[in-house]
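Let me begin by presenting the structure, written as structure tokens, before commenting on it.
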Amino acid sequence: MSHESQTPSFSTTRRDASCGELRRHDAGRRVRLCGWVDRRRDHGGLLFVDLRDRWGRTQLVFDPDRLGAEVFAEAGRLRAEDVIAVEGAVRERPEEARSDKLATGEIEVHVERLELLNRAETPPFPVSASAREGDDVAMETRMRYRHIDLRRPVVQQRLIFRHRVVMALRQALDALGFVEIETPILTRSTPEGARDYLVPSRLQHGSFYALPQSPQLFKQLLMVAGYDRYFQVARCFRDEDLRADRQPEFTQLDLEMSFVDEEDIYRTLEQVLAEVWQRCKGVQLERPFARLRYDEAIARYGSDRPDLRNPLEIRDVTDVAARSPFGFLAEAAAAPRTRTEPGGAVRALRVPGAADRLSRKELDALGELVAPTGAKGVGWIKVAEGGELRGALRKGFPDALGAALRERLEAQPGDLVLVVADRNADVAAAACGRLRETLGRQLGLVDTSADRLVWITDFPYFEYDPETDGYIACRHPFTQPAADSIDRLEDEPLAVRTRAYDLVLNGSEIGSGSVRNHDVEIQKRVLAVMGYSPEESEQRFGFLMEALRSGAPPHAGAAIGLDRFCALLLGLDNLREVVAFPKTTRASCLLTHAPAPVDPAQLAALGLRIRSDVSVGE
RNA sequence: GGGGCCGUAGCUCAAUUGGUUAGAGUACCGGACUGUCGAUCCGGUGGUUGCGGGUUCGAGUCCCGUCGGCCUCGCCA
């Protein structure tokens with residue numbers, strides 16, 4: 001899984017070595033070891049105990065011929081997870097008794113003295129790595145006994161891997177002149193868009209701190225303060241519903257630089273991440289990373305976080321479909337762009353050689369797959385041996401249209417072509433994106449042998465919000481609008497693009513960032529588009545505006561979702577696997593039973609009273 | 001807030017159409033065993049089937065409620 005870091009010396013007052021380091025050349029040494037009883041194999045007249053710590057396992061031999069009867073009897077009473085200290089002689093194992101399953105398999109320690117440091121209750125589930133496979137312990141049980149779960153070698157390796165990732169990041173950033181600075185946890189609400197966790201103030205009844213959703217504003221203030229290059233391994237809090245890839249508190253690698261543009265952020269992060277791959281996975285990352293403009297990503301992959309390991313690509317066939325005798329094709333193609341609608345489109349996905357790989361039933365099921373995107377259905381055409389088209393949709397592309405379609409898609413005999421038409425191009429794109437993802441996986445087209453990173457750039461600044469008939473920022477509103485679209489801020493907000501970027505790894509967004517507004521006038525105009533009056537802007541973000549007026553350098557930054565990043569690097573799909581003390585989907589900690597009711601006196605001190613007539617969520 | 005799945009021994013699971021005394025592996029306890037490494041062999045303990053109610057001659061199984069966990073849509077970068 002990972003590269004061993006160098007083992008430090010374990011010589012302390014209680015032990016001479018860890019359980020993972022003794023080798024054949026240590027034979028003859030007298031050593032003291034400490035650890036947990038991993039497993040014991042009791043032969044009556046001879047007793048083996050595997051002693052475990054986080055560095056490995058070492059076989060202990062209790063031989064009554066070399067041991068007092070009392071000590072041997074004491075050894076016989078050892079049970080899994082008892083904590084012991086032993087002293088004995090390292091011996092090379094007999095040839096036939098060597099084990100290649102253990103790094104220490106060539107030696108064993110013949111115990112002469114045994115000290116039981118602490119007796120352990122029978123654990124609720126096995127800690128030993130050599131427990132039977134396939135009997136995965138339920139996450140609920142693991143979280144309830146997390147201190148024991150965390151003792152399992154697989155879990156330890158994950159957290160240690162995470163540590164190595166963080167260390168690689170820290171060292172790489174330090175080498176580049178970055179300064180790690182902590183920002184407040186008790187702060188005030190920042191406009192990140194999520195619900196805040198609130199902390200009541202004892203000294204000011206009725207006022208609340210908010211836990212930060214990110215250090216966004218603080219890091220901008222640090223740029224204003226002249227700190228040039230800042231980073232932080234920052235805890236962030238968002239009080240929203242949970243998912244496998246979402247915890248209520250999570251960690252970001254947060255960074256910000258002054259006197260830079262996008263390119264500097266790209267180069268910096270690429271260098272820092274290459275360091276992580278190098279040191280944590282032993283892999284040389286290809287640099288620079290790939291780049292895609294947002295509209296290009298949507299057009300070719302139907303997603304703003306495409307998995308580039310999937311070779312399938314979407315093509316636009318709107319112009320061909322516009323001439324189709326099929327009404328739904330021609331109408332979708334002709335749907336006009338309006339103030340709030342992007343216009344219609346017909347998109348096609350060619351799946352090479354797949355004409356015979358999907359059954360009629362599977363093809364019909366694609367419609368359901370695509371339904372959540374709002375698409376009405378999926379048409380399909382197969383390219384037969386002679387090049388002629390097959391399937392119900394072929395009549396929608398007669399004669400020259402069929403040829404045009406084949407040419408556009410570079411379709412070969414044996415190919416399957418999936419077509420989605422919609423009066424909203426975004427829907428057609430999203431539907432094709434889903435088809436691409438699902439078929440790529442289902443047909444085994446995704447090349448999982450290498451990690452693929454890609455920057456997504458040139459996002460639209462605003463999104464139309466039908467509920468308020470207004471505009472909301474797609475990213476966050478402190479991003480600079482792209483220079484060549486800034487004039488459209490007031491008259492055509494949807495045409496404005498941001499200087500924001502996402503970093504996508506194997507189809508998952510692992511980070512995002514932007515070039516910030518350092519010009520207070522532009523910042524005001526952006527907030528105005530979002531419906532903030534100058535007074536409101538000043539009231540909510542006054543401290544930022546003030547800072548921007550006080551000598552703010554041009555600055556830009558980014559943040560990497562560290563938990564998700566580590567999970568992806570380890571090929572895990574649940575953040576809980578890389579978080580030491582994770583929470584459930586209801587945001588409780590099964591180990592500490594947080595959140596919990598508090599003493600009435602505590603509430604009184606805060607000036608709070610719990611109303612029983614208001615249910616949760618109201 | 002909505003949807004889906006799940007809850008049986010410490011753990012991982014089984015239990016026919018609603019049927020009689022709820023089983024297995026492992027863990028645990030006891031015994032045997034001097035080269036094992038998932039030790040092996042023999043024996044044994046262990047159950048409020050999450051909780052509450054209902055239907056039924058009869059409920060682990062069906063229905064309602066509730067608690068908890070997981071996944072997911074909304075929400076959230």
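Order of the sequence lines fixes the chain letters, A, B, ..., with proteins taken first and strands second; residue numbering starts at 1 for each chain.
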What's the gap between [N] and [M] when it is taken at their [atom1] atoms, as a whole Å value?
N	M	atom1	result
B:rC73	B:rU66	C1'	24 Å
B:rG50	B:rU12	P	14 Å
B:rU56	B:rG2	C1'	34 Å
B:rC37	B:rG18	P	46 Å
B:rC42	B:rC62	C1'	44 Å
B:rC70	B:rC33	P	49 Å
B:rG54	B:rG74	C1'	34 Å
B:rC71	B:rG65	C1'	23 Å

Base, sugar-phosphate, or nothing for [X], non-hydrogen atoms under 4.0 angstrom?
X	value
A:Arg586	sugar-phosphate
A:Ala138	sugar-phosphate
A:His593	nothing
A:Leu47	nothing

- Query: Of A:Met139 and A:Ser99, whose nearest nucleotide on RNA chain B comes first from the 5' end?
  - Reply: A:Ser99

- For A:Gln252 and for A:Gly44, locate the closest nucleotide of RNA chain B by heavy-atom distance; then report the residue assigned to the nucleotide nearer the 5' terminus. A:Gly44

Side-chain ion pair, [X] and [Y], N-O less than 4.0 Å:
X	Y	value
A:Asp26	A:Arg23	no
A:Glu81	A:Arg52	yes
A:Arg93	A:Glu106	no
A:Asp149	A:Arg146	yes
A:Asp458	A:Arg497	yes
A:Lys583	A:Glu249	yes
A:Glu74	A:Arg77	yes
A:Asp307	A:Arg452	no

- Note on the structure: Taking every heavy atom of A:Pro481 against every heavy atom of A:Val526, the minimum-distance pair comes out as CG-CG2, 3.9 Å

- Message: Taking 5.5 Å and 30° as the limits, would you call A:Phe125 and the base of B:rC11 a stacked pair?
- Response: no

- Item | Step-by-step side chain to side chain contact (heavy atoms under 4.5 Å, CB included) determination, A:Thr268 to A:Met257 | CA-CA 10 Å; A:Thr268 302; A:Met257 303 172 81; 3.5 Å; yes

Rounding to an integer number of Å, can you tell me how far [X] [atom1] sits from [N] [atom2]?
X	N	atom1	atom2	answer
A:Glu140	B:rG69	CD	C1'	4 Å
A:Tyr145	B:rA27	OH	C1'	14 Å
A:Asp239	B:rC76	CG	P	12 Å
A:Arg152	B:rU12	CZ	P	11 Å
A:Arg144	B:rG7	CZ	P	16 Å
A:His43	B:rA39	NE2	C1'	5 Å
A:Arg57	B:rC37	CZ	C1'	8 Å
A:Arg66	B:rU34	CZ	P	16 Å

In Watson-Crick or G-U wobble terms, both distances under 3.5 Å, what is the partner of [N]?
N	result
B:rG46	none
B:rG68	B:rC6
B:rA24	B:rU12
B:rU40	B:rA32
B:rU56	none

Protein and nucleotides 29-32 of chain B: nitrogen or oxygen contacts under 3.5 angstrom:
{"from": "B:rC29", "atom 1": "OP1", "to": "A:Arg79", "atom 2": "NE", "distance (Å)": "3.3"}
{"from": "B:rC29", "atom 1": "OP2", "to": "A:Arg79", "atom 2": "NE", "distance (Å)": "3.1"}

- Query: Any N or O donor-acceptor pair linking the side chain of A:Arg142 to the base of B:rC11 at under 3.5 Å?
  - Reply: no

- Task: State whether the distance check finds a donor on one side and an acceptor on the other, under 3.5 Å, for side chain A:Glu108 versus base B:rG35.
- Result: yes

- Under 3.5 Å side-chain donor-acceptor pair for A:Gln232 and A:Tyr230: yes

- Check against side chain to side chain contact (heavy atoms under 4.5 Å, CB included), A:Arg41 and A:Leu47: CA-CA 6 Å; A:Arg41 294 173 290 281; A:Leu47 174 65; over 6 Å; no

- Answer yes or no: is there a donor N or O on one side and an acceptor on the other, between the side chain of A:Thr187 and the main chain of A:Ala210, under 3.5 Å? no

- Distance-only, no hydrogens or angles: does the A:Thr58 side chain make a donor-acceptor pair with backbone N or O of A:Cys19 under 3.5 Å? yes

Give me, pair by pair, the N or O atoms of the protein and of nucleotides 71-74 of chain B that are less than 3.5 Å apart, along with how far apart they are.
{"from": "B:rC71", "atom 1": "OP1", "to": "A:Asn574", "atom 2": "ND2", "distance (Å)": "2.7"}
{"from": "B:rC71", "atom 1": "OP1", "to": "A:Arg576", "atom 2": "NH2", "distance (Å)": "2.8"}
{"from": "B:rC71", "atom 1": "OP2", "to": "A:Arg576", "atom 2": "NH2", "distance (Å)": "2.7"}
{"from": "B:rU72", "atom 1": "OP2", "to": "A:Ala244", "atom 2": "N", "distance (Å)": "3.2"}
{"from": "B:rC73", "atom 1": "OP2", "to": "A:Arg243", "atom 2": "NE", "distance (Å)": "3.1"}
{"from": "B:rG74", "atom 1": "N7", "to": "A:Arg243", "atom 2": "NH2", "distance (Å)": "2.9"}
{"from": "B:rG74", "atom 1": "O6", "to": "A:Arg243", "atom 2": "NH1", "distance (Å)": "3.1"}
{"from": "B:rG74", "atom 1": "O6", "to": "A:Arg243", "atom 2": "NH2", "distance (Å)": "3.3"}
{"from": "B:rG74", "atom 1": "N1", "to": "A:Asp241", "atom 2": "OD2", "distance (Å)": "2.8"}
{"from": "B:rG74", "atom 1": "N2", "to": "A:Asp241", "atom 2": "OD2", "distance (Å)": "3.4"}

Report yes if at least one side-chain N or O of [X] is closer than 4.0 Å to OP1 or OP2 of [N]; otherwise report no.
X	N	answer
A:Arg39	B:rA39	yes
A:Arg41	B:rA39	yes
A:Ser128	B:rA27	no

Give me the distances for all protein-to-nucleotides 2-5 of chain B N/O pairs that come in under 3.5 Å?
none

- Query: Taking the six-membered ring for Trp, are A:Phe48 and A:Phe62 ring centroids under 6.0 Å apart?
  - Reply: no

